[in-house]
Amino acid sequence: MANSITSILDEETLPSKLVIPATLLVAVILMVMYGFELTYTRNKIIILSLIGALVTLSVLYLFPKKWIFKSRALYLIIFHLVLSSILIFVVPVHSALLYMWAPLIFMSDYYYQSLGLYLSSVSLLIVLILSDWHQKSQITKSSALGILFELIIIVTASLIISKLAFGNRKERKELDSQYVQAEYEHDRLLSLINTMSDAVIATDETGKITTYNAAALDLLNTNKTLVDTPIDKVMKLTTGSGEEVSLSKLAIKTPFLQRRTDICLPIGDDDNINLDISISRIAPSMLKEEQQGFTFLFRDITERKSLDEERDLFISEVSHELRTPITISEGDMSMAVLLADKKTPNIGEIKNSIKKAHEQVVYLGDMVNDLSALSRAQLENKSMEVTTFNISEVIDELMQTYRPQAESKGLYFKTELTSNIAQLTTSKLYFKEIMQNFITNAIKYTQKGGIIVKAQSVDKDNVLISVTDTGAGIARSEQNKVYQKFWRSEDPYTRSTSGTGLGLYITAKLAQRIGGYLMLDSEIKKGSTFSVVIPLKAFKQVDQGSVTKNEVAHLFS
Ligand code: ADP
């Protein structure tokens with residue numbers, strides 16, 4: 001009963017299920033009393049207007065709230081006034097209608113606690129005194145006792161009803177506010193996990209899904225509801241070696257928290273998402289066993305894994321590449337020491353060993369320079385200085401620098417630039433570095449003939465600059481390897497020249513950074529053409545404010 005009364009009273013306004021019957025009941029009683037001539041006054045107008053007021057109040061209650069203003073306090077005041085008028089002016093003192101005041105005290109107490117109880121009881125006392133005074137023109141000792149007695153009876157009766165219906169109101173209010181707080185916390189947590197970029201799934205003890213967030217749907221690429229579905233059914237996971245993994249079995253073995261980074265979620269034929277999975281047990285002691293369960297947190301670490309793998313591979317390649325020159329130079333230096341220790345040292349042999357060791361040290365220097373250039377080029381977040389410049393100016397500068405080297409090998413070195421070529425707005429440093437790599441390679445890998453540098457527009461937004469040589473050329477089967485790090489052709493002539501195999505790898509990265517790409521056209525023993533296609537305004541969008549001047553000025557120094 002308590003619950004049903006509570007749910008009625010918890011309406012926003014005064015409950016219509018109580019207001020309408022009670023108002024009509026009072027109206028009917030008034031009519032009956034009037035009919036049987038039981039009322040104190042026979043004034044038809046007063047009685048009919050009060051009956052009319054009661055009926056109107058109950059009819060108004062049938063209208064939806066948005067049409068009629070139904071303030072709880074206002075209605076309570078109106079009811080107190082109407083009943084007071086009836087008790088003072090219409091019905092005789094101490095009539096049975098007096099007991100209709102009990103529900104008024106009861107509701108005032110429910111909605112406005114002690115203040116409501118106090119105001120309603122005091123109003124009753126005043127009404128009792130006034131009705132006695134009005135109808136008997138005096139208050140005797142016995143009628144004062146009668147008033148007190150009736151007041152006590154009515155207030156006590158309404159308090160007893162209230163206690164029976166709701167128990168301890170204070171406790172109930174506390175429970176109510178705790179419930180509201182818990183609901184609020186629950187909603188807050190739900191919206192929090194929904195904003196997480198990591199997928200979260202909670203299951204019960206048997207592995208059936210109870211809660212999940214938007215990222216979980218995203219990871220599983222579904223929009224179906226997952227509640228009550230076994231987690232192993234929606235997440236078919238495997239280890240790196242292809243063995244199946246059951247999350248619910250893993251969870252049961254989890255004492256408190258478990259983390260796995262070796263599990264993947266297969267997607268499509270040959271593709272996997274590498275996951276970092278944290279499993280934790282929800283087992284507060286106050287929960288029953290069937291209420292306990294697990295939470296799973298999934299993070300996609302595919303990209304990080306492949307970066308880690310690439311980095312490990314790179315370190316192993318670099319250490320391998322460094323080991324050879326170090327071993328050779330160490331051998332040559334030991335040989336030089338041995339030769340110097342001889343009784344009659346041969347200066348020529350010693351010089352030769354030191355020269356060979358020196359070559360290897362120079363090579364190591366080149367390698368270290370290339371590696372540091374590479375690491376700077378890979379720091380993609382670094383801003384670069386963007387300027388507008390003439391392509392021909394840069395090429396002329398490079399011609400002057402490298403012509404002596406080409407001519408010393410007996411090679412011609414020419415340029416063919418179209419006159420209307422537009423200006424470039426990009427990193428001059430990167431552009432120069434790309435051209436420098438093409439030109440030095442062309443000179444290095446060409447024995448006879450020469451080199452031509454060309455520049456031409458591709459379309460209104462892009463320009464193509466190429467370096468053509470008549471050198472060793474690169475076999476068709478090897479052409480796709482030239483941009484790989486440390487790759488050098490097996491060709492004996494190439495092997496007789498010094499080189500790290502990093503130049504074109506870096507060149508490709510730089511071209512990519514300024515929004516361009518490389519092309520190669522080559523025929524073995526006939527020559528090669530290395531080209532770069534660059535957008536004329538590669539950095540139109542760059543926020544000049546974020547560009548650090550001279551940030552990369554020393555990049556390849
Ligand atoms: P490096 O020149 O230091 O060896 P690169 O990355 O610049 O490194 O070049 C990689 C390889 O590509 C060279 O070792 C060479 O075999 C080949 N290569 C590059 N440019 C040319 C060219 N112009 N003609 C022939 N082969 C070339």
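Remember, it's 1-based here, ligands and their atoms both numbered in the order they're listed. Keep in mind that what you see is a predicted model, and the values were worked out from it rather than measured.
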Would you mind checking which non-hydrogen protein atom is closest to [atom], with the distance to 0.1 Å?
atom                    : result
atom 3 (O) of ligand 1  : Thr500 N, 2.9 Å
atom 10 (C) of ligand 1 : Trp487 O, 3.3 Å
atom 23 (N) of ligand 1 : Asp469 OD2, 2.9 Å
atom 9 (O) of ligand 1  : Leu504 CD1, 3.7 Å
atom 4 (O) of ligand 1  : Arg488 NE, 2.6 Å
atom 7 (O) of ligand 1  : Asn441 ND2, 2.8 Å

Residues [X], [Y]: salt bridge by 4.0 Å N-O rule:
X      : Y      : answer
Glu205 : Arg281 : yes
Lys432 : Glu397 : yes
Asp228 : Lys208 : no
Lys356 : Glu359 : no

remark   = Note: heavy atom closest to atom 8 (O) of ligand 1, options Gly499, Gly527, Gly501, belongs to Gly501
note = Of Tyr445, Phe486, Tyr363, the residue with the heavy atom nearest atom 27 (C) of ligand 1 is Tyr445
task = Measure from the ring center of Phe530 to the ring center of Phe438 and say whether it is less than 6.0 Å.
result = yes
message = Before we go on, tell me: are the rings of Phe431 and Phe389 under 6.0 Å apart, centre to centre?
response = yes
Aromatic ring pairing Phe294/Phe296, orientation class (parallel under 30°, perpendicular over 60°, tilted between) = tilted
key: Subset of ligand 1 atoms that lie under 4.0 Å from at least one heavy atom of Leu502   = 6 (O), 8 (O)
note = Near Gly503 (heavy-atom distance under 4.0 Å), the atoms of ligand 1 are 5 (P), 6 (O), 7 (O), 8 (O)
task = Without swapping roles, check the side chain of Asn272 against the backbone of Asn274 for a donor-acceptor pair under 3.5 Å.
result = no
key: side chain to side chain contact (heavy atoms under 4.5 Å, CB included), paired with Leu371, selected from Leu502, Thr500, Ile506   = Leu502
When you look for heavy atoms under 4.0 Å from ligand 1, do you find them on the side chain of [X], its backbone, both, or neither?
X      : answer
Ile474 : side chain
Asn437 : neither
Ser489 : both

query = Given Leu504 and Asn441, is the side chain to side chain contact (heavy atoms under 4.5 Å, CB included) satisfied, shown in steps?
reply = CA-CA 9 Å; Leu504 286 174; Asn441 274 350; 3.8 Å; yes
Mind checking whether [X] has a heavy atom under 4.0 Å from ligand 1?
X      : result
Glu478 : no
Ser528 : yes
Phe438 : no

